[in-house]
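Input: a single structure, listed below in structure tokens.
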Amino acid sequence: MRHPSPVLVVVAHGSRDARHAATVHALVERVRRIRPGLRVETGFLDFNVPSVPAVLGSLAAEGVRDVVALPLLLTRAFHAKADIPAVLREAPSRLRIRQAEVLGPSPLLIGALEQRLYEAGLDPAEKSSTGVVLASAGSTDPEASAVIADIAREWRHTGWCAVRPAFASASLPRTEDAVRELRALGCARVAVAPYVLAPGFLPDRIARGAAEARADVLAEVLGPAPEVARVLLERYDAARRPTLTALGA
């Protein structure tokens, strides 16, 4: 007898900005289209509904047994290490929950960043003379900041003039300072690539920094890019493997 696949619960941060939830739902819809037989639910940690506990409680009441909870995050910062595990530990005991890894880093996400830059008007032929600011939300977690710096170093080796990390909060440099640094290095053009999933307060701060320093190109957030949906499913598939320990089992 074939058992049903675990339900995928996408755990999003949530925001007072309505664009955030709309973007999360668009991404989840893309995941459903890619894998129509998979049940995908969305829960938010704050600000939006349904909450993660409400989603898990509803699944348990239906008789669902197996769940993969996937943090909709790009780095393993505080939410992935503390907030989400704490919420999952409070879930109904009948649920077997595996927490998937965060989305980043992944070569697919780098591909999505480049595609967003080209969609914003950057000519691929200008890649070697263009400096890129990899602008993330920022975190007080040193591990998360180090990951962003590593991604910038690796991305530089794919043909860009230079790539510099920047942060909208918690860490330095800010987007505008990174843009100015790339200008000083002699890059003919400077593009800003927001390494964020959905619009909101911090992405808006990235955009203001890009405008203040007169960046030539500002890409859109990653949002429901097909590459993001593919990474999400990769993380789900890895988490559902029976070799991983289930929370609450």
* Glu176/Arg205 salt bridge by N-O under 4.0 Å criterion -> no

* Asked: Less than 4.0 Å between a side-chain N and a carboxylate O, is that true for Asp123 and Arg189?
  -> no

* Would you mind checking if Asp46 and Arg16 are paired as a salt bridge, meaning a charged N to carboxylate O distance below 4.0 Å? => no

* Are any of the side-chain heavy atoms of Tyr195 and Pro165 separated by less than 4.5 Å? -> no

* To do: Apply the side chain to side chain contact (heavy atoms under 4.5 Å, CB included) test between Leu74 and each candidate in Val102, Leu109, Val147; give the one that qualifies.
  => Leu109

* When rounded to the nearest 0.5 angstrom, what is the spacing between CG in Leu117 and CG in Asp216? -> 11.5 Å

* Ion pair present between Asp141 and Lys81, side-chain N to carboxylate O less than 4.0 angstrom? -> yes

* Asked: Does atom CZ of Arg76 have more than 12 heavy-atom neighbours, drawn from other residues, nucleotides or ligands, at distances under 6.0 Å?
  -> yes

* Structure fact -> Result for salt bridge (charged side-chain N to carboxylate O under 4.0 Å, His left out) between Asp66 and one of Arg39, Arg98, Arg96 points to Arg96

* When the ring centroid of Phe201 is compared with that of His13, is the distance short of 6.0 Å? -> no

* Residue that, paired with Leu38, satisfies side chain to side chain contact (heavy atoms under 4.5 Å, CB included) out of Val7, Val68, Leu8 -> Leu8

* Is the CZ atom of Arg214 crowded by more than 12 outside heavy atoms at less than 6.0 Å? -> no

* **Full working for side-chain contact (heavy atoms from CB on, under 4.5 Å) between Arg174 and Asp177** => CA-CA 5 Å; Arg174 295 286 182 256; Asp177 297 323; 3.9 Å; yes

* From Leu45 CG over to Ser15 OG, what is the distance, rounded to the nearest 0.5 angstrom? -> 12.5 Å

* To do: Give a yes or no on whether Val10 and Leu27 share a hydrophobic cluster (residues Ile, Leu, Val, Met, Phe, Trp, Tyr; joining criterion: side-chain heavy atoms under 4.5 Å apart).
  => yes

* **salt bridge (Lys or Arg N to Asp or Glu O under 4.0 Å) between Lys127 and Glu114, intermediate numbers included** => CA-CA 10 Å; Lys127 185 173 182 176; Glu114 293 207 4; 3.1 Å; yes

* Before giving the answer on side-chain contact (heavy atoms from CB on, under 4.5 Å), spell out for Val190 and Thr130 the whole-Å C-alpha distance, their side-chain angles and the decisive distance to 0.1 Å. => CA-CA 6 Å; Val190 178; Thr130 299; over 6 Å; no

* Decide yes or no for Ile151 and Ile110: does some side-chain heavy atom of the first lie under 4.5 Å from some side-chain heavy atom of the second? => yes

* Asked: Should Glu181 and Arg164 count as an ion pair when the cut-off is N to O under 4.0 Å?
  -> yes

* Counting heavy atoms not belonging to Glu234, are there more than 12 under 6.0 Å from its CD? -> yes

* Can you list the steps and then say if Arg116 with Glu119 is a salt bridge (Lys or Arg N to Asp or Glu O under 4.0 Å)? -> CA-CA 5 Å; Arg116 287 291 189 241; Glu119 289 169 358; 2.9 Å; yes

